Amino acid sequence: MNFEFTEEQEMIRQAARDYATRELSQDVLERDEKAEFPTQHIKNLAELGFMGMTTDPKYDGGGMDTVSYVLAMEEISKVDASVGVVISVNNSLVNWALEHYGTEEQKEKYLKPSARGEKFGAFLLSEPEAGSDATMQRTTAKPEGDYYILNGVKNWITNGNSASIYLVIAQTNPELRHKGINAFIIDKDLPGISIGPHEEKMGMRSSDTHSVMFTDVKVHKDNRLGDEGMGFKIAMKILDGGRLGIAAQALGIAAGAMERSVIYAKERKAFGTEIANHQVIAFKIADMAVKVENSRNLCLKAAWLKDQGKPFGMASAMAKRYAADAAMWVTTEAVQIFGGYGYVREYQVERLMREAKLTQIYEGTSEIQKIVISRSIFREK
Ligand code: CAA
C-alpha cells in the first residue's frame, strides 16, 4: 500500500492549486454576488487541460488518472466550487459517457471538442417529478422513421444555458419502465429546445442552473447513446463516476473552510490570547481535520478502484455520502469560529457553507447514497 502521489499527480495538483489561488480567488466573491458564469476561467482551465482530464489523448483528452482528477477537483473547489461543478459535470458525466458509450462519429463530433474544452456539456436527467426517483422519466422520445421526437421538461440542469452539448435521458417505451429509457447526445441549439430562466440559488451561484424544455425536438437516431433501452443503466453508470467528482468537490469545500479557520484562529485574539489557544476552538479544528482526512481517503480509494478497473460505485457513493455531510459540518463550524465575521460575505466561510449544502443534494441526495450503499452491501452478501 502506498499513500504517496506520483510526480505527475503532484504536478496536476499544483497546477490546479496555482490557478485557483492566483486567478479564481480574485473574483470569486463578485461572481457569487452577481451569479455570473465563469466564462473566461473555464476557457483558461480548458487550455490547461482541466475540461478533458481523464479522456483518452486519442480523443484530445489529457489521459490523466482519476486520482489526479480528485486532486484537481479538491484544489479548485477549495477556492470556487462553482467552477468545480462545471469541470465535474463535463469530465465525469459528459466526457466519460461519450468515451464509454459513444460511436466513433459521436466521439469525433462531441467528445473531442468537449475534451478540448472548446464546447462543454450538461447532463439532463432530473425532471420536475423525477429527481431522486429517476426511473419516472416523463420526457418522451418517440421513434419516427430515422428520428426520435423529444417532448418534456428537464429541471435543475447544471450548465443548462452555458453548455452547447446536451446528454438527455428520455422515455421511449413507458411499458418497459426503466428498460424503455434512452440516452441521447445532442446539440443545444436544435429547433424546439428552449431554456428556462436562471435559477437564483443559495450557493454555487456562479454555476448556471436552468430548466430545459423540449417541444417536438427532432433527434436523429445516430444521436442515441448506447443501445436501445440502455439509457437508464447508462445514467446510473455515469452517476457512479459523477458522485466521485462531487465528493471531491465537497472535500475541497471542507478543506477550504478548514484552511481559513486555522489562519483565523492563529490571528484572532480573545481573552488575552489567540483563539487557537482555547481548547474549545482547537478541538473544533481537530475534528475538522479528521473529517477532511476521512473525506480525502474515501475519495482517493474510490478513484484508485476506478483507475484499477475495479467496481467503484459503492466506494463513490460512500465518498459522496461522507464528504458532503463533512463539508456541511466543517463549514458550519468555520462560520462559528469566525463568529460575527463568519456571517458576513467578506470572510467567505458563509459562501462555503452555502456551497456545501448543495453537495448533499445534487447527483443523488445523501439519502439516495444510503440506498446505493446498502443495496451494494446486500448484493455482495
Ligand atoms: N450501474 C448499472 N446499473 C444500475 C446501477 C448502476 N450503478 N444502479 C441501478 N442500476 C440498474 C439496476 O440493475 C436495474 O436494472 P435491472 O432491472 O436490469 O436489474 C435498474 O438500473 C433499475 O435499478 P433500481 O431497481 O435499483 O432502480 P430504483 O428505481 O430503485 O432507483 C436509485 C435506484 C439508485 C435510487 C436511482 O433512481 C438514483 O440514483 N436516483 C438518484 C438520481 C440522481 O442521482 N439524480 C441526480 C441528477 S444529475 C445531477 O445532479 C447532475 C448535475 O447537474 C450536477
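All ligand and atom numbering here is 1-based and tracks the order in the structure. Remember, predicted model here, so these are calculated numbers, not experimental data. The first residue in the sequence is number 1, and the count goes up from there.
Follow the hydrophobic side-chain contacts under 4.5 Å out from Met53 and you never reach Trp96; the two are in separate clusters. In the hydrophobic clustering of this structure, Phe123 does not group with Met51; members are Ile, Leu, Val, Met, Phe, Trp, Tyr whose side-chain heavy atoms approach within less than 4.5 Å, directly or through other members.
Using a cutoff of 4.0 Å between basic side-chain nitrogens and carboxylate oxygens, Arg31 and Asp80 are scored as salt-bridged.
No close placement of the His220 and Tyr148 rings is indicated, their centers lying 6.0 Å or farther apart.
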Check ligand 1 for N or O atoms under 3.5 Å from a protein N or O and list each pair with its distance.
{"from": "ligand 1", "atom 1": "7 (N)", "to": "Asp240", "atom 2": "OD1", "distance (Å)": "3.3"}
{"from": "ligand 1", "atom 1": "7 (N)", "to": "Asp240", "atom 2": "OD2", "distance (Å)": "3.1"}
{"from": "ligand 1", "atom 1": "17 (O)", "to": "His178", "atom 2": "NE2", "distance (Å)": "2.7"}
{"from": "ligand 1", "atom 1": "18 (O)", "to": "Lys233", "atom 2": "NZ", "distance (Å)": "3.2"}
{"from": "ligand 1", "atom 1": "26 (O)", "to": "Arg375", "atom 2": "NH1", "distance (Å)": "2.7"}
{"from": "ligand 1", "atom 1": "30 (O)", "to": "Arg375", "atom 2": "NH1", "distance (Å)": "2.8"}
{"from": "ligand 1", "atom 1": "30 (O)", "to": "Arg375", "atom 2": "NH2", "distance (Å)": "3.3"}
{"from": "ligand 1", "atom 1": "37 (O)", "to": "Ser132", "atom 2": "O", "distance (Å)": "3.3"}
{"from": "ligand 1", "atom 1": "39 (O)", "to": "Arg243", "atom 2": "NH2", "distance (Å)": "3.0"}
{"from": "ligand 1", "atom 1": "40 (N)", "to": "Ser132", "atom 2": "O", "distance (Å)": "2.8"}
{"from": "ligand 1", "atom 1": "44 (O)", "to": "Arg243", "atom 2": "NH2", "distance (Å)": "2.7"}
{"from": "ligand 1", "atom 1": "44 (O)", "to": "Gly364", "atom 2": "N", "distance (Å)": "3.0"}
{"from": "ligand 1", "atom 1": "50 (O)", "to": "Glu363", "atom 2": "N", "distance (Å)": "2.9"}
{"from": "ligand 1", "atom 1": "53 (O)", "to": "Thr158", "atom 2": "OG1", "distance (Å)": "2.7"}

For the pair Asp187 and Tyr110, evaluate side-chain contact (heavy atoms from CB on, under 4.5 Å) and give the outcome as yes or no after the intermediate values.
CA-CA 9 Å; Asp187 294 290; Tyr110 297 105; 3.0 Å; yes
Exercise answer: donor-acceptor pairs, residues 155-169 side-chain atoms, under 3.5 Å, sequence neighbours excluded:
{"from": "Asn159", "atom 1": "ND2", "to": "Gly121", "atom 2": "O", "distance (Å)": "3.0"}
{"from": "Ser162", "atom 1": "OG", "to": "Asp208", "atom 2": "OD1", "distance (Å)": "2.8"}
{"from": "Tyr166", "atom 1": "OH", "to": "Gly160", "atom 2": "O", "distance (Å)": "2.6"}

